Every structure is written in structure tokens, then in C-alpha cells.
Amino acid sequence: MEMTSTKTLVNLLKNSKAIRTESQAKQLHAQIFKTQDPNSSSHISKLLSIYTNLHLLRDSHNLFNTLKSPAPPFAWKSIIRCFTDNGLFVQSLTSFVQMMASGVYPDHNVFPSVLKSCTLLMDLRFGESVHGCIVRLGVDLDLYTNNALMNMYAKFQSLDRNMYDRFHGCDVSGGSKIYVHEVLDKIPKQYGNGELSSSLAGCNGFNVNANDLIQKFKNLKGKSVQLPHSNRGRQADDHSYRRTSNVRPLESDSVWKVFEMMPIRDLVSWNTVIVGLARNGLYEEALKMVRELGNANLKPDSFTLSSVLPIFADYVNVIKGKEIHGYAIRHGLGTDVYIGSSLIDMYAKCTRVEDSHRVFCLLPIRDAISWNSIIAGCVQNGLFDEGLKFFRQMLIAKIKPRHVSFSSILPACAHLTTLHLGKQLHGYIIRNGFDDNVFIASSLVDMYAKCGSIRLARHIFDKMELHDIVSWTAIIMGSALHGHAHDAISLFEQMEKEGLKPNSVAFVAVLTACSHAGLVDKAWSYFNNMTQDHGIAPSLEHYAAMADLLGRAGKLEEAYEFISSMDVGPTGSVWSTLLFACKVHKNVQLAEKVADKIFMIDPDNMGAYVILSNIYSADRRWKDAARLRISMRNKGMKKTPACSWIEVKSKVHAFVAGDESHPYYHKINGALKDLLERMEQEGYVPDTKEVFHDVEEEQKKHLLYYHSERLAIVFGIISTPVGTTIRVIKNLRVCEDCHTAIKFISKIVDREIVVRDNNRFHHFKDGKCSCGDYW
DNA sequence: GTAGGGTTAG
């Protein structure tokens with residue numbers, strides 16, 4: 001900027017929009033300093049508004065501090081807005097109080113910012129005081145102020161979860177954390193305890209309890225306060241939610257009261273009400289408002305549509321969702337980022353991931369949320385590899401993952417049992433300070449448990465400051481999967497003692513625990529407690545867990561009666577658990593009866609054919625077994641081959657029975673033979689009763705020795721350092737002989753061997769298995 | 001002054 005005349009300078013100051021960059025603003029600042037009175041309040045105020053418009057927080061703050069007391073009203077309003085815009089809500093409110101204390105009345109320019117700060121700090125008391133102030137000062141006709149008020153009341157309706165997350169790491173702002181202790185240190189001394197309220201005593205029309213505010217700062221001291229997040233998607237029947245839920249009908253009324261009193265309403269007003277309704281599950285009311293928009297001569301915009309789409313995601317109504325999609329396209333909003341991520345999410349929740357994918361590909365701009373929507377969409381639909389692929393692509397596209405990305409992607413690691421990837425993600429989570437987020441911590445607990453490390457899962461669980469129903473359920477289920485039934489039960493009891501009401505999923509977890517330990521009576525008492533005391537209708541999962549438990553415990557007839565009396569029609573898979581129990585307990589007669597039930601409900605249930613045929617074989621009824629296998633072949637069904645895999649040096653090695661294709665096959669074979677010799681010396685006798693082929697005894701043994709899990713384990717032994725834990729995953733259940741063999745192996749090579757079959761974990765150590773041979 | 005994405009379940 002060249003040497004500028006006083007007149008030009010003043011004009012520039014007046015027309016602050018002309019200053020577009022930081023360097024222009026700084027040059028102007030310098031010129032004023034050189035040529036004008038550097039202490040002129042009016043110049044500084046105008047310059048301040050230029051700085052705040054450019055979102056220059058530090059410069060604005062410094063400039064504000066150069067103002068002589070009392071600061072002019074205009075300067076106060078600029079700095080308050082600046083604090084709010086930069087996420088410094090406590091500072092914003094502090095300045096607001098200070099402004100009032102210095103005798104400056106707030107007006108319609110400052111209330112929207114102040115209300116926004118109250119909203120994001122979740123301070124209803126303060127917000128209500130501000131509302132009182134608005135009414136008394138007659139600002140209650142202002143459109144912007146009223147919109148901000150409605151927004152505040154709408155957000156306070158879904159207070160519970162937000163309050164929780166406020167202290168437990170939730171960040172939707174992309175990292176704008178406020179460290180309150182930093183703020184507190186900056187509050188001028190004269191506004192210390194007590195003095196503030198007396199200095200406020202003279203303020204007309206404003207009634208805030210300043211001591212409350214000071215106390216609040218003290219309570220928050222040292223804590224990192226983060227922005228609240230949406231409460232959407234919570235299931236109405238989620239009992240834990242109801243327990244802590246603090247939905248305030250009064251706030252809902254307040255939204256309406258404000259809306260009805262408004263002399264003029266614009267699209268923002270309508271959108272605010274619509275979002276408020278949708279966020280609180282009042283879907284029909286929200287949609288009614290959308291339909292009424294037309295009567296007010298308004299048209300839905302991207303805000304409206306992206307708020308309405310989640311409704312159809314929750315309703316799983318893809319037809320309605322598509323109508324909105326069509327509307328968006330017709331009105332030129334088809335590629336809006338916000339609508340885009342809502343569409344991706346809506347299609348995914350309606351199990352139409354291909355459509356999500358299409359929307360994603362057509363988006364010209366993709367932000368962290370669009371990426372996360374497609375990642376979560378894949379994972380929720382069981383496309384774990386796809387989800388991981390998108391996650392990697394996101395990193396390549398230089399989009400920094402956010403906290404939500406991790407709670408979306410970790411379940412994929414959990415389902416794929418890829419411990420090394422899970423650990424890498426955990427490292428990233430710690431480095432970025434996301435590890436105090438409840439969602440992420442719960443996902444980590446689940447991931448570690450499912451990847452075989454119940455110890456790490458428990459460690460993370462114990463380190464969590466506060467547990468919600470999901471984290472409890474994750475650790476209970478994890479303990480159950482690892483056969484630690486008593487841990488699972490005591491955790492469940494501890495959870496109840498802490499006042500958390502178990503929901504339907506938590507009962508699935510505790511029943512699973514009972515099932516793995518054969519605790520029949522305990523399970524019945526939980527089942528009855530659930531239906532009678534908690535009023536939770538048993539779902540298929542509960543029935544399946546009970547049926548499994550009874551069957552395993554040998555109470556076959558009881559299981560049969562139980563399944564037959566189910567409220568929900570039993571599925572093939574529920575009957576299958578009993579069929580498997582019939583195999584274990586060698587009840588051929590009941591097995592046939594159960595198999596008939598399965599074939600009636602689910603004629604293509606391959607598992608049932610296989611089990612029944614094995615039951616026949618074990619009973620030496622080779623012809624019946626053959627008959628079933630032929631009918632399977634005629635139906636075009638193929639038995640799933642048993643497969644085991646192991647991660648070595650971040651690489652997955654998969655084996656099928658008798659597999660000779662692995663590059664180290666000869667080494668594996670040699671080691672296997674050596675091992676077998678030592679096992680036999682220790683007393684291992686192969687048990688061929690589970691070899692369901694009508695072949696010679698020697699050949700049966702040979703078939704056993706090359707079961708996939710043994711190949712994987714031996715490969716693990718020869719390719720990892722002495723003492724390393726071996727973790728093997730198998731797609732089917734471990735056979736009895738392998739179970740015995742692995743016990744011997746664990747003792748001989750002195751290693752912990754963790755095997756996850758399709759049902760649970762087995763930890764083999766010192767010749768014993770954690771399942772106590774009950775599985 | 002208004003908007004989109006997340007964790008547990010055979």
C-alpha cells in the first residue's frame with residue numbers, strides 16, 4: 001500500500017469489506033499507527049472489526065487489549081463475535097459479562113454470538129438468562145437473534161449425550177478445543193470471585209449469576225472442552241439412552257414459542273426447527289414442517305435436505321430417500337457435499353451400498369465426512385475390505401482422519417481379526433489424542449477382544465474414565481468370547497451396581513458368557529430377569545444363546561421345547577445350534593427331527609446337511625451320510641473348506657487342510673513330523689472318531705495331522721521367535737482331536753497358542769486350554 | 001443465525 005492520505009485511510013476503515021487479506025489489514029494498521037492518533041478508540045474499533053472479519057483471533061485480541069478502558073460498544077461486539085467464531089466460547093461469554101459490567105448494553109449484533117456460545121457450551125442457565133435479557137431489552141423481534149435462540153433450545157433437548165461427551169473427548173469441530181485453564185488465567189483480576197457479581201449489580205435487564213459463571217470456569221479448569229455432537233441415530237428402544245436421557249419437553253416448547261412469536265421467519269428459522277425436530281426423533285413433525293415450507297413461499301435448500309435425509313436412513317425408507325435425491329438433483333443440489341454425505345449414509349443404511357458408492361464417486365468435492373460416510377457405509381454392510389480400501393484412499397487423498405473415522409474403521413479390523421492393523425490404528429489414535437473418546441475406546445475394546453487380546457481389551461476398558469453401555473457390553477462380550485465367563489458375569493453385575501441398566505445387547509453378551517461356561521441356571525435367571533424385570537422382549541440372539549447353552553449342556557429335550565416355544569419364529573440357525581449339540585451328545589434321533597425342521601424353514605442350509613451327514617458317519621451309517629452328500633451335490637451345494645490363517649510379520653498366511661501350496665510347505669511338513677513324534681512321546685493318541693470318511697485308520701490319522709489349524713500353528717512356530725504367542729484363526733470349529741493336539745503342542749514348544757474358531761477363543765498354554773475342554 | 005459421518009449383537 002502506498003502512502004495513503006488521511007481521507008483514504010478513513011474511507012478504508014469505513015468500508016472494511018475492501019480489506020481482504022491479512023497483509024492489507026496489517027498495512028492499514030501500520031499506516032494508522034504512523035499517521036493517526038494511535039490511541040483513537042474509533043480507529044481501533046474499526047480496525048478490530050476488520051481483523052475479526054478476517055478471523056484473525058490473536059491480532060484482534062491484542063488490538064482489543066490496547067483499547068483504553070472503557071472499551072467502546074462496537075469493540076466489545078467485535079471481540080465477542082471473534083471469540084465465538086474461533087470456538088472460544090468461554091472467552092466470548094466472559095467478554096459478554098465484562099461488557100455488561102462496563103455498562104454497555106448488548107444488542108441484536110451480539111446476541112446471536114452469545115447464544116451460540118451458550119449452545120455449544122451447553123449452558124442452559126446462562127442461555128436462559130440471556131433470553132430474559134433479550135426480552136427485557138426488546139431485541140426479541142430480531143430475526144437472527146430468534147434463530148439463534150431456537151437453535152439453542154433445539155440443541156438443549158438432546159442434552160444428555162452431549163453433556164457426557166463434553167468431558168469425554170468428542171470433537172466435531174475439527175480440532176478447535178478450548179483449554180479452559182488458559183482462559184481462566186486471562187480473566188482480569190478485578191473480575192475475580194464475588195467482585196463480578198457486584199459489578200453486575202447495576203446492570204439493568206440482566207440477571208446472570210456471575211458466581212455461577214466463575215464456578216463454572218473453576219469446574220472446567222484443566223479440562224478440555226469440546227463441541228457437542230449430534231444425537232441422531234440413537235435407537236428409540238435403547239434402554240441405556242433412556243436411562244441417562246434428559247429430554248426436556250420444556251425446551252421443545254421453547255423452540256415453538258419462539259418460532260410462533262417471530263414476526264418474520266426465513267428459511268434458516270424453518271431449517272432450525274426442522275433440524276431440532278429431526279434430531280429429537282420427531283420425524284413426522286419434521287417432515288410436516290418441510291411440507292409446510294411451500295405455504296411460507298420458501299423452498300428447501302441444502303440445509304433442509306441434509307437434515308431430512310437422516311430421517312429416511314433411520315426409517316430405512318429408500319423410496320422416500322430417493323425422492324429427496326431426485327429433488328436435490330432437479331434443484332441443482334445433486335453434488336452438494338452435505339447432501340452427498342447424507343445420501344451416502346441413507347443408501348448405506350438402506351443396505352444399498354452400491355448407490356452410496358455411486359453418489360460418492362460423483363461428488364466433485366469430498367471432505368472428511370464424505371469419506372467417512374462411505375467408509376462407515378461399507379463397514380456397516382459387512383464390506384470390511386472395501387472399508388479399509390476407502391480408508392487407505394482417504395489417507396492418500398491427504399484427508400486427515402477424524403475421530404469418527406476410527407470408530408468406523410476399527411470394527412472392520414475387529415471383524416477381519418487383523419491385529420497388526422488394529423494396533424497401527426491404535427497408535428495413530430493415541431498420537432492424535434483421540435483415545436479419550438468413548439466411541440473410539442469402545443471400538444478398541446471390541447477390536448482387541450476380537451483380535452485375540454482380551455488382556456489389552458481389558459486394559460483399555462479399565463483405563464476409560466467413564467463407561468457407557470456399549471463399552472460395558474464390548475468388554476462383557478469379549479470376556480465371554482475368551483471363555484472368561486466369571487469375569488463377564490462380574491462385569492455385568494458391576495455395571496448394574498453402577499446404575500447402568502443393561503439393554504438387549506448387554507443381555508446377549510452375558511447369556512453368551514453363560515453359554516460358554518455351561519452355566520444353565522445362571523442363564524435362566526438372566527433370561528427371566530430380562531423379560532420380566534426389564535421388560536425386554538427376547539430377540540433371536542437371546543434365543544440362540546439360550547438354545548446353544550441348553551444344547552451344549554446336554555439338555556437336548558429342554559432345548560427342543562424351548563426353541564419350539566419361541567415367540568419369534570425360530571430360524572434355521574437357531575435350530576442349527578441344537579443340531580450341533582445333537583452331534584456332540586450323539587442323539588441321532590433328535591438330530592433327524594431337528595434337521596427336518598431346518599430343511600423346512602431353510603432348504604438350502606448347507607451347514608445342516610454337513611452336520612447331519614457327519615452325525616450319520618459317526619454312527620457308521622455310511623449310506624445315509626452318502627445319501628445326504630449326494631443330495632447336496634445335486635443341489636449344487638459345496639462344503640465350505642476348513643481354512644486357518646495366521647499373521648506373521650504383518651502378512652496373512654492362509655492354509656486349508658492338506659495344503660501343499662505354501663512356499664515353506666516342506667519346512668512345515670518336517671516340523672510337523674518332528675512335533676508329532678514328541679507329542680506321541682508325551683502321550684498323544686490320535687482320536688479318529690471325527691474323521692467322517694469311510695477310510696482306513698492310518699489314512700484317518702494322516703487326514704487329522706494335516707488339518708489346517710495345525711499347518712498354521714506349525715508355520716507360526718517355525719517363523720516367529722521363541723516364546724511369541726501364536727494367534728490362529730479358523731473359519732470352522734476346531735475338531736476335538738486338534739484341540740487335544742494343540743494342548744500338547746503348547747506344552748512342548750512352551751508357547752501360548754490362541755485359536756479363534758467361528759465361535760470363540762481358545763487359549764492353549766502349558767498343555768491346557770482356557771475353555772476347560774467345554775466348548 | 002441453520003446442515004452431513006461413529007462404538008456393542010450367531
Side-chain angles (χ1 to χ4, degrees), chain A residues 84 108 111-113 115-116 119 142-152 154-155 170 172 229-230 232-233 238 240 266-276 278-279 301-310 313 336-346 348 367-377 379-380 402-411 414 437-447 449-450 468-478 503-509 511-512 515 539-545 547-548 571 573-574 576-577 758-760:
Chain A
T84 303
H108 67 278
F111 280 125
S113 296
L115 288 168
K116 185 176 180 176
T119 308
D142 179 60
L143 176 65
Y144 279 48
T145 302
N146 281 322
N147 285 344
L149 263 177
M150 287 194 298
N151 181 45
M152 178 180 81
K155 294 268 161 65
C170 175
V172 283
H229 79 108
S230 138
R232 192 186 68 71
D238 184 333
S240 72
D266 67 356
L267 188 53
V268 175
S269 326
W270 284 80
N271 284 344
T272 306
V273 177
I274 291 165
V275 175
R279 196 189 279 270
D301 67 352
S302 73
F303 282 82
T304 327
L305 300 188
S306 56
S307 315
V308 162
L309 278 167
D336 179 272
V337 230
Y338 282 85
I339 296 179
S341 33
S342 296
L343 281 170
I344 293 168
D345 180 56
M346 183 274 295
D367 62 10
I369 299 184
S370 347
W371 279 100
N372 205 61
S373 304
I374 191 71
I375 293 168
V379 176
Q380 287 160 0
R402 310 226 270 164
H403 62 287
V404 179
S405 317
F406 294 102
S407 36
S408 306
I409 200 65
L410 279 169
N437 178 290
V438 218
F439 282 75
I440 294 179
S442 303
S443 305
L444 280 172
V445 169
D446 181 57
M447 182 277 290
K450 290 215 177 93
D468 66 353
I469 187 74
V470 177
S471 48
W472 278 107
T473 307
I475 192 66
I476 293 169
M477 194 64 194
N503 64 9
S504 161
V505 189
F507 275 109
V508 173
L511 289 175
T512 305
S515 148
S539 71
L540 221 50
E541 283 82 14
H542 302 106
Y543 283 117
D548 184 50
T571 57
S573 71
V574 175
S576 293
T577 60
N758 62 350
N759 187 47
R760 59 170 293 161

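Below, chains carry the letters A, B, ... as their sequence lines are ordered, and counting in each starts from 1. When reading the values below, keep in mind they use all heavy atoms of this one structure, side chains included, and skip hydrogens, waters and symmetry mates. The model shown is predicted, which means the values in this text are computed figures rather than measured ones.
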Indicate, with a heavy-atom threshold strictly under 4.0 Å, whether A:S573 touches base, sugar-phosphate, or nothing.
nothing

Nucleotide nearest A:S370 when distance is taken to its side chain, options B:dT2, B:dG4, B:dG10:
B:dG4

N/O donor-acceptor pair under 3.5 Å between A:S515 side chain and A:L511 backbone:
no

Side-chain contact check for A:V508: nearest option of B:dA3, B:dG10, B:dT7 is B:dG10

Using a heavy-atom cut-off of under 4.0 Å over every strand shown, decide if A:S373 touches base, sugar-phosphate, or nothing.
sugar-phosphate

Side chain of A:T473: nearest nucleotide among B:dT7, B:dA9, B:dT8?
B:dT8

Between P of B:dT8 and CZ of A:F507, the distance in whole Å
20 Å

Distance in Å, A:T512 OG1 paired with A:E541 CD, rounded so as to fall on 0.5 Å steps:
9.5 Å

With distance as the sole criterion, do the side chain of A:S442 and the base of B:dT7 form a donor-acceptor contact below 3.5 Å?
yes

At under 4.0 Å between heavy atoms, what does A:V275 touch on the DNA or RNA strands: base, sugar-phosphate, or nothing?
sugar-phosphate

CG of A:D336 versus C1' of B:dA3: gap in Å, rounded?
9 Å

Starting the side chain at C-beta, find the nucleotide from B:dA3, B:dT7, B:dG6 nearest to A:D345.
B:dG6

Distance test, side-chain N/O of A:R760 to OP1/OP2 of B:dG10, below 4.0 Å
no

Under the ring-ring contact (aromatic ring centres under 6.0 Å, His included) rule, collect the residues that match up with A:F406, sequence neighbours excluded.
A:Y428, A:F434

If only side-chain N and O atoms of A:N372 are considered, is one of them under 4.0 Å from the OP1 or OP2 phosphate oxygen of B:dG6?
no

note: A:L309, atom CG; B:dG4, atom P; distance rounded to Å ~ 11 Å

Under 4.0 angstrom, heavy atoms only, what part of the nucleic acid is A:S342 near: base, sugar-phosphate, or nothing?
sugar-phosphate

How would you label the contact of A:N146 with the nucleic acid (heavy atoms, under 4.0 Å): base, sugar-phosphate, or nothing?
nothing

Between B:dG4, B:dT7, B:dT2, spot the one nearest the side chain of A:Q380, thanks.
B:dT7

Rounding to a whole Å, what distance do you find between A:E541:CD and B:dG10:C1'?
7 Å

Between the side-chain atoms of A:S307 and the base atoms of B:dA3, is any donor-acceptor pair under 3.5 Å?
no

Starting the side chain at C-beta, find the nucleotide from B:dG4, B:dT7, B:dA3 nearest to A:F303.
B:dA3

Using a 4.0 Å heavy-atom cut-off across all strands, classify A:D266 as base, sugar-phosphate, or nothing.
base

Donor-acceptor pair, distance only, cut-off 3.5 Å: does the side chain of A:D446 make one with the backbone of A:S442?
no

Between B:dT8, B:dT2, B:dG4, which one does the side chain of A:V337 approach most closely?
B:dG4

B:dA9 C1' sits how many Å from A:I475 CD1, rounded?
16 Å

Here the helical stems involving DNA chain B, each at least 3 consecutive Watson-Crick or G-U pairs closer than 3.5 Å, sorted by first residue number, are none

Does any donor atom in the side chain of A:D301 or A:T304 lie under 3.5 Å from an acceptor atom in the other side chain?
yes

Would you kindly give the CZ-to-C1' distance between A:F439 and B:dG6, to the nearest whole Å?
6 Å

Check every atom of B:dT7, B:dA3, B:dA9 against the side chain of A:K450 and return the nucleotide holding the closest atom.
B:dA9

Can you check the A:I274 CD1 to B:dG4 P distance for me, whole Å?
13 Å

Looking at the side chain of A:S341, which of B:dG6, B:dG4, B:dT7 is the nearest nucleotide?
B:dG4

Where the side chain of A:H542 meets the backbone of A:S504, is there a donor-acceptor pair that is under 3.5 Å apart?
yes

Criterion side-chain contact (heavy atoms from CB on, under 4.5 Å) against A:N372, the qualifying member of A:I344, A:D367, A:V404
A:V404

Tell me which nucleotide among B:dT2, B:dA3, B:dG10 gets nearest to the side chain of A:M477.
B:dG10

Side-chain donor or acceptor of A:N437 under 3.5 Å from a matching atom on the base of B:dG6?
yes

From CH2 of A:W472 across to C1' of B:dT7 the rounded distance in Å is 16 Å

Look at the side chain of A:S306 against the base of B:dG4 and say whether a donor-acceptor pair falls under 3.5 Å; ignore hydrogens and angles.
no

Less than 4.5 Å apart, side chain to side chain, heavy atoms only: is that true for A:S471 and A:V445?
no

List the atom of A:K450, the atom of A:A414, and the distance in Å for their closest heavy-atom pair.
CB-O, 3.6 Å

